[in-house]
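Have a look at the structure below before the remarks.
First the proteins, then the strands, lettered A, B, ... as listed; each starts at 1. FYI, side chains are in, hydrogens and waters are out, and symmetry mates aren't considered; it's all heavy atoms of this structure.
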Amino acid sequence: MTDYLSSLNEPQRQAVMHGEGPLMIIAGAGSGKTRVLTFRIAHLIENGVDPFRILSLTFTNKAAAEMRHRIETSVGYEARNIWMGTFHSVFAKILRIEAKYLGYTSNFSIYDTDDSKSLLRSIIKEFNLDDKVYKANAVFNRISGAKNRLVSADDYLNNSIIQADDKAARMPEIGRLYKAYTVRCFQANAMDFDDLLFNTNVLFRDFPEVLYKYQHKFHYVMVDEFQDTNVSQYLITRKLSAVHQNICVVGDDAQSIYAFRGANIENILNFEKDFPAVRTIKLEQNYRSTQNIVNTANSVIARNKAQLRKEVFTENEEGTLIDVIKANSDNEEGRLVVTSIFEEKMQGSLRNNDFAILYRTNAQSRSFEEALRRLGIKYRIVGGLSFYQRKEIKDLLAYLRFIVNQQDEEAFKRIINLPKRGIGDTTVAKITVSAAENSVPIWDVVSNIHQYVSGRATVPIDKFAYLIKSFMLMIDQGKDAFEVATHVAKTSGILRELYEDKTVEGLSRYENVQELLNAIKEFVDNPENEDKTLGTFLQSVALLTNADEPDDDGDNDRVTLMTIHSAKGLEFKNVYVVGMEEDLFPSQMMLESRQDLEEERRLFYVAITRAEQKLTFSYAESRYQWGRLKMCEPSRFLLEVDQRFLNTTKATREMATRETQPAPMGFLKNITQKTAPSRAPVATHQPSEGFAPSDTSGLTEGQKVEHPKFGFGVVSKMDINGTDRKATVKFDAVGEKTLLLSFAKLRIVE
DNA sequence: GCAGAAGCGCTTTTT
DNA sequence: GCGCTTCTGC
């Protein structure tokens, strides 16, 4: 069993073998971090540690699932018993068990961001504040930020600095909104995402006996992606491991990309203060990427001042240069990238799975989707509108939530008139007012409507209450989640309404609801889930996001499209980092509101280090945004890369022919002037020899050419439209091919 | 109370 | 460009 140790390098082995006491692993990108963590847990279990006593915290569901899978393969069934999951899911579980300490019941609802904002909108309206000034989004972010720093509503109101800040931002009432929001969540027996962490801190602070219980339950605590934990998360783990001191954190400061959410690099520094006995191990050898990729990444991150010194290196092969693709529009960018994928795929006999397209914002996916569809390449989009955020799904889930927790105000607002049953805003307002006047929960009013309200709306309300009660009865009778959910979907009229909608969207919505029911069925049928009640299902689903959604068919060989944030922890043979434009990446908002160029740069670093074999950057010179055409400049990040690692022949095509502009990276010249002072000098670069782009200037039909990959051929068609040039070439070896930018590689033979 | 029309604001990134 | 909210007329 110890033979796996031989496959590790020295620092890796030390990290795995480390026994008792605090341990910090600084793991560079691609340094085998997950392997080390997995082996370490396996090693503990092998040495007699009860899996029940191990708590392993990750940041995303994906990472948790991956870890569980890997440990199961090396440890076997025992791995089941490890407490493993995201911060949010693990502490939601604990909060359910200990809910009564905080005045909650164990079936509390979890408000997602939409619920939170909707509640805030209501409160803002009730306070008679201008919703143009108090935007739900901004208020929510402010409150969220406070919670992540463990600032309660009362702390917030009493803190003169915060109050001054809010006054300066012309939003002095945020403190009161925060307070009202907290009260309303509590009345609704609901917690938002931040509450799951905030309330765990409160629980452990105010009830030492509860803290004691968990401190002694968990002998070993592991934290993955430590650089992304915020103060609230860090304090929980610190408290939990205070007794046994067996805390192991793994992180990489160079990959800290969640400061916007309150993640704090200083946690790494604090860790050494809080656990003076800490042993620090650095994993610096990269096993993932080629030298060119590693060096590119290093050359980028070296510009950051805030970083722990670390020497990431690799013994892998040198690899190819990093291609730079320049397109004149977002649509062309999509076409060029996808064409390149197509060519790479053919030429290197790769699978769709080997490719990822990474972008800064979800909205950028469109042009790539279109191009992929056109070429018939299967793809998968991670993130964006997740399955569980679709209207029809949220509608059915709202029913289920309300049946489990009748205090859930947001769920109530969603379903009271859905499908239409003649209960409009006026009636809902009456109910709310009446509930407030009599200081009883809304459900009391609804279920005994005749005692509180009279009028013609009482009839549909009575019917609604009767409907809900019949659902609640099913739960009391011990029906499982699937039985209740199917019954609700049918009886409530949701399914019927969608079924009658014969439009394409209607059909797809109907299918989505069926899909949700399937997921519930799977949940119920899964022997690992002992508790098959609706409440437990809802709990598991509330914290699920884009990560593990049911795949629409069995074909998993797809090109992956996602934001760089979601790509963290993943790796692909070929990676395209697209939309390399100033204001987009680095994001304008980031620079305007937080002045944090370094976090954007770390994000760039993360993107680069996802690639194993080949990396490509692309950017467009113009892009549609809100239906308007916007001119774009290449990102400053393209200049920051050590230019020796770039292959700019694709991009420099036009520039190279313009002899007047020889050296400094002609293709980026417009931005060098605009923001030059803040930047490092630009490296000079000579176009690569052999297939110099200038050779294509005189390309005409009938010419014999040579392509570096496809060999000899004859130009059968030239299509020149401004700067957008297309050449169709009939190659001796591979037949006819349409070359877009890559025809710059053609060499004229005669 | 409801349906269709018009208007507005929005885009970082995730649990 | 889209989705959500508000407006308007019935």
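Ring geometry, A:F87 versus A:F91: the interplanar angle falls from 30° to 60°, so the pair is classed tilted. Using bins of under 30°, 30° to 60° and over 60° for the plane-to-plane angle, the ring pair A:F226/A:Y234 lands in the perpendicular bin. Taking the six-membered ring where the residue is Trp, A:F368 and A:Y359 present parallel rings, their angle staying beneath 30° rather than reaching 60°. The aromatic rings of A:F604 and A:F637 lie parallel to each other, with less than 30° between the two planes, well short of the 60° mark.
Judged purely by atom type and a 3.5 angstrom limit, A:N405 has no side-chain atom pairing as donor or acceptor with the backbone of A:R401.
Proximity of A:T563 to the phosphate of B:dT14: a side-chain N or O atom is located under 4.0 Å from OP1 or OP2.
Looking only at atom types and distance, the side chain of A:Y181 has a donor-acceptor partner in the side chain of A:S116 under 3.5 Å away.
Against DNA chain B, the stretch residues 127-139 of chain A makes heavy-atom approaches under 4.0 Å through A:K132, A:K135, A:N137. Listed in residue order, the members of residues 420-429 of chain A having a heavy atom less than 4.0 Å from DNA chain B are A:K420, A:G422, A:G424, A:D425, A:T426, A:T427.
As the counterpart of B:dT12, no nucleotide is assigned, since no Watson-Crick or G-U wobble pattern has both distances under 3.5 Å.
Backbone-only contact: A:N417 has heavy atoms under 4.0 Å from sugar-phosphate atoms and none from a base. At a threshold of 4.0 angstrom between heavy atoms, the contacts of A:F59 are confined to the sugar-phosphate backbone, with no base atom among them.
For A:T361, the listed nucleotide lying nearest its side chain is B:dT13; candidates were C:dT6, B:dT15, B:dT13.
Residues A:S635 and A:F585 share a closest heavy-atom pair of OG-O, 2.8 Å.
A straight line from CZ of A:R121 to P of C:dG3 spans 16 Å, rounded to a whole angstrom.
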